[in-house]
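Accompanying notes for the structure given below.
Counting from 1, the numbers follow the sequence of the chain as shown. Keep in mind the model is a prediction, meaning the values are calculated, not measured.
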Amino acid sequence: MLAPLHKRLLNDYQQDFPLSPTPYRDIADQLGVSEEVVLHAFEELSAQRMISRIGPVIAPNSIGSSALVAMAVPDHDLARVADLVSACPEVNHNYERENRFNLWFVAVADDEAHLRAVIADIENRSGYPAMLLPMLADYFINLGFELNLHD
C-alpha cells in the first residue's frame, strides 16, 4: 500500500519534474514536506521497484546512439533476462509485451559501436538474440501515465 506522498510523487512528477538546481526541495515546497522526506520517499519507491530512475529523456540519437530492441525469451527465463537487461546502465527502460517478442527495451550509448557492444553483451549473457529496431521516423508519444493507485 502506498502512502499519499508516494502516490503524489508517482503521479505528479512523471512529466513536471522541476528543472532547477534544487528539484527535490522544490517538490518538497510544493507538497508541504521537507526535502529529506521527499528523498526518502523516492528511495522507498526505488527499493519497491516502483521507479527505476529519475532522469531526463533526450530525443533519440540527438546525443550518442540509441535503439529499440526486442527479444523473444521463453517465459521460464524472462525474469532472469529482464534483470540482466535492466542491470545495464545503457538501458533506460525495459518492459514485457504479450508477443513472441516479449521483452523490449531502449538502449542508449555514446556512439554506435558502444551500442552494438552493449547489445552483443546482452545476447551473449542471456543466450538469446536481440532484434534492433532502428528509428525511421520520429513520433512523440506522451508517456505520462495517470496511475490508478486506489488502495
Side-chain angles (χ1 to χ4, degrees), residues 1-3 5-24 26-27 31 38-151:
M1 184 158 86
L2 292 171
L5 176 62
H6 293 106
K7 294 177 183 180
R8 292 283 311 271
L9 293 173
L10 290 173
N11 269 330
D12 297 353
Y13 297 98
Q14 292 177 48
Q15 297 182 344
D16 295 322
F17 199 86
L19 298 177
S20 82
T22 58
Y24 302 105
D26 296 349
I27 291 171
L31 298 179
V38 168
L39 290 168
H40 182 68
F42 275 128
E43 289 171 2
E44 290 174 331
L45 290 169
S46 179
Q48 295 174 31
R49 302 183 75 172
M50 302 280 297
I51 58 173
S52 60
R53 71 179 187 95
I54 296 173
V57 176
I58 299 171
N61 299 317
S62 60
I63 299 175
S65 184
S66 63
L68 177 63
V69 183
M71 297 178 77
V73 179
D75 288 342
H76 73 273
D77 209 13
L78 187 59
R80 178 189 71 86
V81 176
D83 286 345
L84 183 153
V85 168
S86 293
C88 296
E90 294 86 356
V91 172
N92 67 17
H93 63 281
N94 172 21
Y95 54 97
E96 180 182 2
R97 296 187 74 174
E98 294 179 6
N99 188 286
R100 184 171 78 82
F101 289 95
N102 56 351
L103 183 65
W104 293 68
F105 58 94
V106 173
V108 179
D110 53 354
D111 58 36
E112 182 70 21
H114 183 188
L115 179 66
R116 292 199 175 272
V118 168
I119 302 305
D121 182 57
I122 289 171
E123 289 178 318
N124 289 334
R125 291 191 297 137
S126 71
Y128 303 104
M131 178 173 58
L132 271 67
L133 301 165
M135 184 173 70
L136 302 177
D138 189 9
Y139 298 96
F140 176 76
I141 299 172
N142 183 345
L143 290 178
F145 299 99
E146 180 68 27
L147 302 174
N148 181 6
L149 299 173
H150 301 289
D151 294 326

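With a 4.5 Å cut-off on side-chain heavy atoms, I27 and F17 count as touching. By the 4.5 Å heavy-atom criterion applied to side chains, L10 and L2 are counted as neighbours. N102 places a side-chain heavy atom less than 4.5 Å from the side chain of D75. Between V106 and V69, the closest side-chain pair of non-hydrogen atoms is not below 4.5 Å. Using a 4.5 Å cut-off on side-chain heavy atoms (C-beta onward), L115 and S66 make no contact. Residues R8 and L31 have side chains in contact (heavy-atom distance under 4.5 Å, counting atoms from C-beta outward). Looking at S65 and V108, their side chains never come closer than 4.5 Å, going by heavy atoms from C-beta outward. In this structure, I119 and R116 have side chains that are not in contact, with every pair of non-hydrogen atoms separated by 4.5 Å or more.
A side-chain N or O of S20 and one of D26 form a donor-acceptor pair less than 3.5 Å apart. Q48 and H6 share no side-chain donor-acceptor pair at under 3.5 Å.
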Y13/F42 under ring-ring contact (aromatic ring centres under 6.0 Å, His included): CA gap, chis, key distance, verdict:
CA-CA 11 Å; Y13 297 98; F42 275 128; 7.5 Å; no
Evaluate R49 against D83 for salt bridge (Lys or Arg N to Asp or Glu O under 4.0 Å), listing each step before the verdict.
CA-CA 12 Å; R49 302 183 75 172; D83 286 345; 3.5 Å; yes
Test side-chain contact (heavy atoms from CB on, under 4.5 Å) applied to L78 and E96, step by step
CA-CA 9 Å; L78 187 59; E96 180 182 2; 3.4 Å; yes
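How far CG of D12 is from CD of Q14: 9.0 Å, rounded to the nearest 0.5 Å. Going from atom CZ of R53 over to atom OG of S86 covers 12.0 Å, rounded to the nearest 0.5 Å. Atom CD of E44 is separated from atom CG of L5 by 8.5 Å, given to the nearest 0.5 angstrom. Here the straight-line distance linking atom CE of M50 with atom NZ of K7 works out to 10.0 Å at 0.5 Å rounding.
Salt-bridge formation is detected for the pair D77/R80: a Lys NZ or Arg NE/NH1/NH2 atom is positioned less than 4.0 Å from an Asp or Glu carboxylate oxygen.
Taking the centre of each ring, Y128 and F101 stay at or above the 6.0 Å mark. Remark: aromatic rings of Y95 and H93 are close, center separation under 6.0 Å.
Closest of all the heavy-atom pairs between E123 and A130 is OE2-N, 2.7 Å. For the pair P18 and P23, the tightest heavy-atom approach, listed with the atom from each and the gap, is O-CB, 3.5 Å. Nearest heavy atom pair, residue N94 against residue A82, reads ND2-O, 3.0 Å.
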